[in-house]
Protein chains: 2
Amino acid sequence: MRNTHAAMPVKKTAPSIDTTTEEKIKAAAHAVFRRKGFAATRTRDIADEAKINLALLNYYFRSKQKLFELIMFETVTGFINNMQTVFNDASTSLERKIQLVAERYIDLFIADPEIPLFIMSELRNPDLEILQKLPALHVILKSTFILQYKNAVVSGKITEPNPLHFLMNLMGLTIFPFIGSPMLKKLGKLTNREFDALMQERKKLIPVWIKAMSRAKY
Amino acid sequence: MRNTHAAMPVKKTAPSIDTTTEEKIKAAAHAVFRRKGFAATRTRDIADEAKINLALLNYYFRSKQKLFELIMFETVTGFINNMQTVFNDASTSLERKIQLVAERYIDLFIADPEIPLFIMSELRNPDLEILQKLPALHVILKSTFILQYKNAVVSGKITEPNPLHFLMNLMGLTIFPFIGSPMLKKLGKLTNREFDALMQERKKLIPVWIKAMSRAKY
DNA sequence: GTCTATATACGGATAGAC
DNA sequence: GTCTATCCGTATATAGAC
């Protein structure tokens with residue numbers, strides 16, 4: 001791949017939101033990539049959504065691939081940073097963290113429902129090497145959150161010793177409804193508003209359910 | 001789209017498995033579509049995987065789109081039929097059905113781990129109109145399974161009245177780990193074998209967890 | 001039914017004027 | 001920075017020989 005392209009334009013000091021061409025393209029790329037995935041989106045879709053000329057996409061971001069990597073990086077790091085603070089806050093209890101995780105994930109996904117499926121479905125493409133470029137995921141197992149979980153296991157408050165099961169459960173209860181939303185809306189004849197109301201309920205319910213599960217007798 | 005193509009060949013009466021060209025293409029299409037999704041697969045990928053000439057794909061199935069629709073239909077109906085029998089078996093208890101659902105889903109997904117993400121990610125493409133063509137999904141809410149659930153709510157054995165929450169929980173606990181497996185394997189430094197072992201554990205654990213949840217005090 | 005060769009369309013990317 | 005026009009590789013699909 002040649003590298004003779006002009007340098008990227010310098011960042012404006014105080015740009016209005018989404019008014020610069022670069023920002024318009026990024027916003028459109030976020031929307032279209034999330035909605036359709038990398039392979040199904042055409043650069044023309046993004047140009048149309050951003051209402052800019054197709055050539056400008058390459059002018060600012062060089063290639064579809066590079067633009068996608070930027071979008072994916074922003075999405076994933078935003079997602080992880082959001083959680084990192086909760087996971088490693090030494091001042092909150094295990095129960096409180098479970099509450100916070102459920103609330104934050106659900107609020108985030110009500111605002112951007114395509115994010116979970118977008119991330120999960122792009123992760124399966126080995127060409128994109130997203131997982132390799134990610135900040136080491138396994139530090140999650142060293143987080144305060146998981147240490148608190150392990151302590152609760154030792155002190156007998158929790159029956160399931162494997163924190164991976166715990167994480168799968170918490171994520172499954174929280175994230176799955178958004179991944180399966182097309183099917184669930186059809187199955188339950190739900191409007192978007194009704195679906196969101198169910199998700200709001202789950203912010204309260206999930207911590208209760210998790211608590212009940214933690215005391216399950218095997 | 002023109003329609004001048006030759007008729008489909010008649011089905012052999014007793015073909016060996018995967019030996020006819022048609023079967024080889026279908027098997028390859030299943031594999032490649034599931035792995036990469038519709039937009040990212042090229043008909044050449046399928047032809048290579050099936051070790052047949054590219055032109056034969058169009059000879060047998062007319063177009064990539066038509067082949068995909070066939071594969072998707074087979075995948076989804078196979079998936080639904082598998083569950084239908086469990087959901088509407090009047091001779092099994094609610095608890096037993098929960099056991100059976102967890103076991104069957106997990107066995108199915110250990111054998112074909114890409115299925116959940118494949119279905120979920122293709123469902124978001126409105127062009128494919130998969131949901132429209134599906135056997136009405138909302139009959140699930142009329143199934144024996146859900147009726148038994150509602151009865152258990154009335155008799156006070158279960159606290160959560162909304163069967164949709166119940167279904168989301170059961171599916172989330174069962175399906176999500178397969179959807180998030182790339183991330184989970186990385187996060188937990190798991191080999192495929194270790195991951196499968198965890199899933200085997202969940203066949204026993206999920207019914208216990210669900211039971212504990214059903215008694216949760218709000 | 002299966003092959004080779006090719007038509008045709010589409011999508012990513014760039015050249016070059018303004 | 002932004003536009004029009006266009007190049008060029010790639011992917012689907014078909015024609016036509018065998």
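The structure presented is a predicted model; accordingly, all values stated were derived computationally and were not measured. Order of the sequence lines sets the chain letters (A, B, ...), proteins ahead of strands, with each chain counted from 1. These values consider heavy atoms only, across backbone and side chains, with no hydrogens, waters or symmetry-generated copies.
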For B:Asp48, side chain to side chain contact (heavy atoms under 4.5 Å, CB included) partners two or more places apart = none
Heavy atoms of other groups near A:Glu95 CD, more than 12 under 6.0 Å = no
Qualifying residues under ring pair (Phe, Tyr, Trp, His ring centres under 6.0 Å), relative to B:His30, sequence neighbours excluded = none
Tabulate protein N/O versus nucleotide N/O from nucleotides 2-5 of chain C, keeping only pairs under 3.5 Å, one per line.
{"from": "C:dT2", "atom 1": "OP1", "to": "B:Thr21", "atom 2": "OG1", "distance (Å)": "2.9"}
{"from": "C:dT2", "atom 1": "OP2", "to": "B:Thr21", "atom 2": "OG1", "distance (Å)": "3.1"}
{"from": "C:dT2", "atom 1": "OP2", "to": "B:Tyr60", "atom 2": "OH", "distance (Å)": "2.8"}
{"from": "C:dC3", "atom 1": "OP2", "to": "B:Asn53", "atom 2": "N", "distance (Å)": "3.4"}
{"from": "C:dT4", "atom 1": "OP2", "to": "B:Asn53", "atom 2": "ND2", "distance (Å)": "3.2"}

Applying salt bridge (Lys or Arg N to Asp or Glu O under 4.0 Å) to A:Arg124 and not counting sequence neighbours gives none
Sequence-distant partners of A:Thr21, side chain to side chain contact (heavy atoms under 4.5 Å, CB included), two or more places apart | A:Ile25, A:Ile52, A:Leu56, A:Tyr60
Residues two or more places apart in sequence or in another chain: which of them pass ring pair (Phe, Tyr, Trp, His ring centres under 6.0 Å) with A:Phe33?
-> A:Phe68
Side-chain donor-acceptor pairs of residues 135-146 of chain A under 3.5 Å, sequence neighbours excluded:
{"from": "A:Ser143", "atom 1": "OG", "to": "A:Ile140", "atom 2": "O", "distance (Å)": "2.7"}
{"from": "A:Ser143", "atom 1": "OG", "to": "A:Ile146", "atom 2": "N", "distance (Å)": "3.4"}
{"from": "A:Thr144", "atom 1": "OG1", "to": "A:Asn88", "atom 2": "OD1", "distance (Å)": "3.4"}

All side chain to side chain contact (heavy atoms under 4.5 Å, CB included) counterparts of B:Ser181, not counting sequence neighbours = B:Lys185, B:Phe195
Every protein N/O within reach of nucleotides 9-11 of chain C N/O, cut-off under 3.5 Å:
{"from": "C:dG11", "atom 1": "OP1", "to": "A:Arg42", "atom 2": "NE", "distance (Å)": "3.4"}
{"from": "C:dG11", "atom 1": "OP1", "to": "A:Arg42", "atom 2": "NH1", "distance (Å)": "2.5"}

Rounded to whole angstroms, how far apart are CG on A:Asn58 and P on C:dT14?
-> 6 Å
Whole Å only: how far is the CG atom of B:Leu57 from the P atom of D:dA13?
-> 8 Å
Interface residues of residues 28-38 of chain A with DNA chain D (non-hydrogen, below 4.0 angstrom) | none
Residues that A:Arg96 engages under side chain to side chain contact (heavy atoms under 4.5 Å, CB included), provided they are two or more places apart | A:Thr92, A:Ser93, A:Gln99, A:Leu100
Output all residues satisfying ring pair (Phe, Tyr, Trp, His ring centres under 6.0 Å) with B:Phe176, sequence neighbours left out; order by chain, then residue number.
-> none
